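Numbering of ligands and ligand atoms starts at 1, following listing order. Just so it is clear, the values below take in all heavy atoms, side chains as well, and ignore hydrogens, waters and symmetry mates. These numbers were taken from a predicted model, which means no experiment stands behind them. By convention here, the first residue in the shown sequence is residue 1.
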Amino acid sequence: MRRKLIVGNWKMNGSIASNQLLLQGIVAGVKNLPHADYVLCVPYPYFHQAQTLLQHSNVAWGAQNLSANEDTALTGSVSPSMLVDYGCTYVIVGHSERRILSHETDDTAAARFNAALKAGLTPIFCMGESKEERESDWTEYIVGRQLDSIIRRFGANLLSKAVLAYEPLWAVGTDTPATPAQAQEVHQFIRKRIARCDAEVAAQVRILYGGSLHPNNAKAIFAMPDIDGGLVGRCSLDAQAFVKICQSIQ
Ligand code: 13P
């Protein structure tokens with residue numbers, strides 16, 4: 001039985017003052033919800049604040065990206081061991097916003113994935129197709145290629161140490177979530193593709209759905225057999241909404 005996981009991705013939002021209330025609200029709201037794991041992926045400058053406010057709670061914290069390198073001349077980058085220094089346990093890798101806006105490729109995402117694992121972090125590896133790709137019936141080709149970029153390099157076995165996220169680009173930051181059936185179809189495809197290489201890993205790996213998750217749609221989406229939780233953007237910036245999404249699992 002896979003334990004559900006809800007991850008908040010704050011993206012480039014927050015301030016010291018507003019984070020305080022948000023973190024306290026989420027901690028209070030999920031403290032009596034023992035049936036799932038919770039993670040907040042915050043911007044780098046707020047690691048210390050997240051660590052201070054979350055360390056005695058049932059909410060873990062993580063990053064939204066990492067360098068694939070350690071201790072080198074890379075101005076502006078943050079290494080895996082720096083994340084570990086701040087008690088981070090998770091890191092998002094290959095988010096569509098980075099693939100599009102920061103020229104992340106399958107190669108660079110795979111290198112980050114590997115670096116995260118080497119540092120003892122759990123990568124949350126994102127995959128998803130654009131609207132045009134879905135309309136051209138390319139969803140399985142695109143998601144399959146992204147998944148294979150990891151399996152081919154490292155083997156399916158390493159996925160047992162990771163979390164996967166299906167985030168269709170047309171649902172991220174829009175008001176058009178995938179329907180539970182649309183999301184389930186792709187999650188099942190991902191699981192079956194892993195099972196071709198390793199049935200045990202396929203049965204155990206957690207696959208999250210992300211893209212316009214909301215208190216109104218979370219319950220139906222999380223009820224799907226291959227959906228193990230969510231990667232939540234906007235609603236993770238509102239303690240009440242995020243907690244309601246978490247409650248929909250109980
Ligand atoms: P929204 O929940 O705002 O659509 O964002 C989803 C996402 O990109 C999470 O990583």
Less than 3.5 Å between some nitrogen or oxygen of [X] and one of ligand 1, yes or no?
X: N9; value: yes
X: G173; value: yes
X: G210; value: no
X: R234; value: yes

A171 heavy atom under 4.0 Å from ligand 1: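 Yes; A171 lies near enough to ligand 1 that a heavy-atom distance drops under 4.0 Å.
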Is H214 in contact with ligand 1, taking contact as a heavy-atom separation below 4.0 Å?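 No, H214 has no heavy atom closer than 4.0 Å to ligand 1.
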Say whether S130 and E133, considering side chains only, have a donor N or O and an acceptor N or O under 3.5 Å apart.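 Side-chain D/A pair, S130 to E133: present.
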Ignoring hydrogens and geometry beyond distance, is a side-chain donor-acceptor pair present between E129 and W170 at under 3.5 Å?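 Yes.
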Tell me whether N217 contacts the main-chain N or O of H214 through its side chain, where contact means a donor paired with an acceptor under 3.5 Å.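 Yes, N217 side chain to H214 backbone: donor-acceptor pair under 3.5 Å.
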Just by modelled atom types, is the A36 backbone N or O under 3.5 Å from a matching donor or acceptor in the R3 side chain?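 Yes; judged by distance alone, with no hydrogens or angles, the pair exists.
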Ion pair present between D106 and R99, side-chain N to carboxylate O less than 4.0 angstrom?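 So D106 pairs with R99 through a salt bridge.
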What I want to find out is whether E140 reaches R193 closely enough, with some N-O distance under 4.0 Å, to be called a salt bridge.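 No, this pair does not count.
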Short list, please: which atoms of ligand 1 are under 4.0 Å from a heavy atom of [X]?
X: V172; value: 4 (O), 8 (O)
X: L231; value: 9 (C), 10 (O)
X: G211; value: 4 (O), 6 (C)
X: S212; value: 1 (P), 2 (O), 4 (O)
X: H95; value: 7 (C), 8 (O), 9 (C), 10 (O)

Neighbour count >12 (heavy atoms, 6.0 Å) for atom CD, E185: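 At most 12 heavy atoms, drawn from other residues, nucleotides or ligands, come within 6.0 Å of this atom.
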Neighbour count >12 (heavy atoms, 6.0 Å) for atom NZ, K11: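 Count over threshold, so yes.
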Of the protein's non-hydrogen atoms, which lies at the shortest distance from [atom], and what is that distance?
atom: atom 5 (O) of ligand 1; value: K11 NZ, 3.3 Å
atom: atom 9 (C) of ligand 1; value: E167 OE2, 2.9 Å
atom: atom 2 (O) of ligand 1; value: G233 N, 2.9 Å

Kindly write out the residues that satisfy side-chain hydrogen bond (donor to acceptor under 3.5 Å, both in side chains) with R153, not counting sequence neighbours, or none if the list is empty.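 R153: side-chain hydrogen bond (donor to acceptor under 3.5 Å, both in side chains) contacts with D107.
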